[in-house]
Amino acid sequence: MQDKIQLLRQQVEQLNAQSAEELEALRVKYLSKKGEVSRLFDEFKLFPKEEKAVWGAPLNALKQRFEARMNELREALQSKVNAGAGANSADLTRTPDPIALGARHPLSLVREQIIDIFSHIGFTVADGPEVEDDKHVFAMLNFAPEHPARDMQDTFFVEKEEGVQRPTDVLLRTHTSSVQTRVMADFAKQLQDGSATSLRILCPGRVYRNEAISARAHCFFHQVEGLYVDKNVSFADLRQALLYFAKEMFGEDTRIRLRPSYFPFTEPSAEMDISCNICGGKGCAFCKGTGWVEILGCGMVDPNVLEACGIDSKVYSGYAFGMGVERIANLKYRVKDLRLFSENDVRFLSQFESC
Ligand code: DAH
């Protein structure tokens, strides 16, 4: 009896079934009435009392192990069948789950619309660095050496690091007008070798100012700068380009108004208002009852700036303008808090899905 139990104990651990039929065959072989385990019980019945006391427990344990093994094999087969069923039951004609598409950021939408509008009158995009130097952000743009814009309050200066060699006065650009100086210096060379005769560019980008963050101010925001340099460029050309832009951006009925202003890099300089696109110019809380809202600064490029870039100001003239992208986005979408533009809150951003 000992040997037989031993042998079956080894066999039970080796049992395997690849199908329900194989499993049933095993059950019959070992556990059916004529099965090998059952036959041991038949022998057991004939044992004398003392022997029964010895073999009762091991025989029962053997039978239980066989039953448990059968259950294990049945479960393994079942889970295999389930997995297969999943793969086979896929409905290949079913419409796929919709892919969740993100929304374009309102500032990207506005920036691209500005670029698109000006591209129709010949402007192309130019790029420049955000980490700049004093020369390109201020000096070449005719800012006096003591101009308050350089003040620590407005400009983020990049700190000097011991052992790191970099030019003095490295700073984060405070306006995209800095790109003008780089592009005009290149243009001056092109004029000399005859590879260009005029310049018409748009410089979109991020700018930085040392301002406390609030609903109405942020330490970084976005601008689009425009620049046109050619022979005989006039203030009337500037006005016409800006009127075209305002109508395209805010609607055909939009009127513009140019108010005299001052910027170091333009002469004369102006600020441009558009008729309030909320009340149509009648006066409302948004335009503080004036019927006008300011949207950009502009002017004729100061001859000093042309000369600083190597362009002969007696032959060439130009106009420039600069606008805040957030400002335009506010007017278009009525966003009251500037911080929403940089907080990545999907509840805000998803509202622009259809734009
Ligand atoms: N750079 C000015 C600013 O940041 C905006 C500006 C004004 C740009 C007049 C111009 C301009 O090109 O002609 O406030």
Side-chain angles (χ1 to χ4, degrees), residues 111 114-115 118 123 125-126 128-130 132 134-144 147-151 153-156 171-185 187 199-211 216-230 233-243 245-246 256-274 293-306 308-309 311 313 316-328 330 338:
R111 181 194 59 222
I114 297 169
I115 292 170
F118 280 103
F123 283 79
V125 170
E130 289 180 25
E132 261 290 7
D134 183 282
K135 184 175 145 195
H136 291 91
V137 176
F138 298 122
M140 286 172 81
L141 284 168
N142 202 32
F143 281 80
H147 196 284
R150 283 192 185 82
D151 195 290
Q153 302 251 312
D154 293 317
T155 305
F156 285 117
L171 47 87
L172 300 183
R173 68 181 177 196
T174 55
H175 55 179
T176 43
S177 305
S178 57
V179 187
Q180 277 190 32
T181 55
R182 292 187 174 271
V183 184
M184 273 197 276
F187 174 62
L199 179 65
R200 214 186 300 238
I201 50 136
L202 225 46
C203 327
R206 185 174 283 182
V207 300
Y208 303 82
R209 289 186 197 175
N210 194 358
E211 304 244 9
R216 319 194 91 240
H218 211 295
C219 60
F220 65 81
F221 54 99
H222 300 80
Q223 289 187 331
V224 176
E225 184 83 10
L227 173 71
Y228 174 37
V229 182
D230 203 339
V233 177
S234 71
F235 201 92
D237 296 328
L238 170 63
R239 187 184 185 285
Q240 209 52 33
L242 293 178
L243 177 63
F245 165 72
I256 63 167
R257 164 173 102 168
L258 290 159
R259 284 178 289 102
S261 184
Y262 171 78
F263 299 102
F265 35 92
T266 41
E267 182 58 37
S269 302
E271 275 169 320
M272 183 174 100
D273 299 338
I274 57 163
V293 281
E294 186 203 318
I295 64 159
L296 55 79
C298 59
M300 300 305 292
V301 180
D302 192 300
N304 288 344
V305 175
L306 292 171
C309 297
I311 299 169
S313 63
Y316 289 90
S317 54
Y319 67 65
F321 55 86
M323 65 185 96
V325 181
E326 280 83 349
R327 176 108 186 112
I328 309 279
N330 279 347
L338 261 185

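In this chain, numbering begins with 1 at the start of the sequence shown. Every number for a ligand or one of its atoms is a count from 1 in the order of the listing.
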Worksheet item: More than 12 heavy atoms of other residues, nucleotides or ligands under 6.0 Å from CZ of Arg206: is that the case?
Response: yes
Discussion item. So, taking the atom named SG in Cys298 and the one named CG in Leu242, what distance separates them when rounded to the nearest 0.5 Å?
Written reply: 5.5 Å
Worksheet item: Hey, which of Thr176, Leu296, Val179 is the one that makes side-chain contact (heavy atoms from CB on, under 4.5 Å) with Gln223?
Response: Thr176
Worksheet item: Looking only at heavy atoms, what is the nearest atom pair of Phe123 and Leu202, with distance?
Response: CD2-CD1, 4.1 Å
Fill in: Test item: side-chain donor near acceptor, Glu211 and His218, under 3.5 Å
no
Fill in: Set of residues that line ligand 1, where lining means a heavy atom lies under 4.0 Å from it
His175, Ser177, Gln180, Arg209, Gln223, Glu225, Phe263, Phe265, Thr266, Gly297, Cys298, Gly299, Ala320, Phe321, Gly322
Going by atom type alone, with no hydrogens or angles, which donor-acceptor pairs under 3.5 Å involve a side-chain atom of residues 262-271 and a protein atom two or more places apart or on another chain?
| from | atom 1 | to | atom 2 | distance (Å) |
| --- | --- | --- | --- | --- |
| Thr266 | OG1 | Ser269 | OG | 2.7 |
| Ser269 | OG | Phe263 | N | 3.2 |
| Ser269 | OG | Thr266 | O | 2.8 |
| Glu271 | OE1 | Arg259 | NH1 | 3.4 |

